[in-house]
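Let me begin by presenting the structure, written as structure tokens, before commenting on it.
Since the structure is predicted, the reported quantities are computational estimates derived from the model, not experimental observations. Note that ligands are numbered from 1 as they come in the structure, with each ligand's atoms numbered from 1 the same way.
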Amino acid sequence: MTRQRRLILEEVRRCGGHLTADEVYQRVRKSLPTISLGTVYRNLDVLSRTGEILRVQLAGDQMRFDANTRPHSHVRCRECGRVCDVEVEFQILDERVAQQSGYEVLEHRLEFSGICPRCRGVETPSTAEADARTTRHL
Ligand SMILES: [Zn+2]
Ligand SMILES: [Zn+2]
């Protein structure tokens with residue numbers, strides 16, 4: 001793995017969130033000022049094809065990159081656009097769909113949207129922790 005690619009992977013992992021290619025570029029540029037956006041795109045593409053990171057494409061949003069590669073869903077804030085991970089038990093849904101349609105279900109896409117605690121003015125321990133993480137690495 002090249003130094004560029006390792007740095008890109010580290011940035012995606014470090015933010016603990018879901019970055020767009022441009023956000024990754026802005027961060028990586030701090031340690032590699034000569035890197036181009038094209039190089040960042042190419043490396044993100046390779047990293048997602050090798051399964052090191054996931055591509056996240058939510059409706060009406062830009063492509064984002066996720067260091068959490070376990071199966072999970074996303075909830076997106078309609079106010080600020082923040083994306084959080086959620087784990088939902090999907091097996092029952094897959095079974096229901098299989099029963100109703102007779103299909104063998106191989107994949108499902110489910111996304112949630114709403115207003116995040118920060119935009120609602122409610123601070124929870126998990127958002128405070130996420131904020132601390134974000135602020136430290138800005
Ligand atoms: Zn929000
Ligand atoms: Zn995620």
Side-chain angles (χ1 to χ4, degrees):
M1 191 182 278
T2 63
R3 175 158 178 261
Q4 287 177 336
R5 190 167 302 155
R6 201 170 50 240
L7 264 166
I8 289 169
L9 180 59
E10 275 168 16
E11 280 304 330
V12 175
R13 286 190 174 152
R14 193 146 61 144
C15 90
H18 306 80
L19 298 177
T20 63
D22 198 54
E23 286 166 340
V24 175
Y25 171 60
Q26 299 300 340
R27 284 162 188 252
V28 172
R29 222 164 47 150
K30 287 176 189 161
S31 29
L32 289 175
T34 57
I35 199 166
S36 72
L37 183 57
T39 303
V40 171
Y41 268 115
R42 266 197 307 281
N43 281 287
L44 286 169
D45 188 54
V46 172
L47 287 167
S48 54
R49 273 191 282 121
T50 55
E52 305 274 352
I53 58 175
L54 285 184
R55 285 168 191 273
V56 178
Q57 181 67 74
L58 301 179
D61 191 21
Q62 296 179 66
M63 174 80 73
R64 292 174 186 275
F65 296 89
D66 193 348
N68 180 1
T69 55
R70 288 178 307 155
H72 66 281
S73 290
H74 293 103
V75 57
R76 180 160 172 263
C77 179
R78 290 187 182 182
E79 299 287 328
C80 68
R82 198 149 66 105
V83 176
C84 288
D85 287 347
V86 284
E87 284 180 33
V88 183
E89 184 51 70
F90 284 120
Q91 211 180 334
I92 188 84
L93 276 179
D94 287 355
E95 282 166 14
R96 290 263 168 82
V97 171
Q99 277 167 13
Q100 283 177 32
S101 64
Y103 277 50
E104 180 194 359
V105 176
L106 301 175
E107 189 196 28
H108 50 242
R109 285 160 189 260
L110 189 58
E111 63 181 72
F112 304 87
S113 72
I115 315 292
C116 77
R118 208 191 292 160
C119 292
R120 284 166 55 225
V122 191
E123 200 60 49
T124 65
S126 66
T127 57
E129 199 182 285
D131 283 347
R133 233 179 10 236
T134 314
T135 318
R136 259 206 314 277
H137 297 300
L138 275 179

If you count every heavy atom of other residues, nucleotides or ligands that lies below 6.0 Å from Glu10 atom CD, does the total exceed 12? yes
Handout entry: His18 side chain to Asp85 side chain, donor-acceptor N/O pair below 3.5 angstrom
Key = yes
Would you say Leu9 and Leu32 are hydrophobically clustered, going by side-chain heavy atoms of ILVMFWY under 4.5 Å? yes
- Query: Does a side-chain heavy-atom distance below 4.5 Å link Arg27 with Val24?
  - Reply: no
Taking the side chain as C-beta and beyond, is there a heavy-atom pair between Leu58 and Val83 under 4.5 Å? yes
A correct count of protein N/O/S atoms found below 2.8 Å of the Zn ion (ligand 1) gives 4
Protein N/O/S atoms closer than 2.8 Å to the Zn ion (ligand 2), ordered by chain and number, come to His18 NE2, Asp66 OD2, His72 NE2, His74 NE2, Asp85 OD1
Worksheet item: Are Glu107 and Arg109 within salt-bridge range, i.e. N to O under 4.0 Å?
Response: yes
Would you call Arg5-Glu52 a salt bridge at under 4.0 Å N-O?
no
By side chain to side chain donor-acceptor pair (under 3.5 Å), Ser36 pairs with (sequence neighbours left out) Thr39
Residue set satisfying side chain to side chain donor-acceptor pair (under 3.5 Å) with Thr69, at least two apart, ordered chain then number -> none
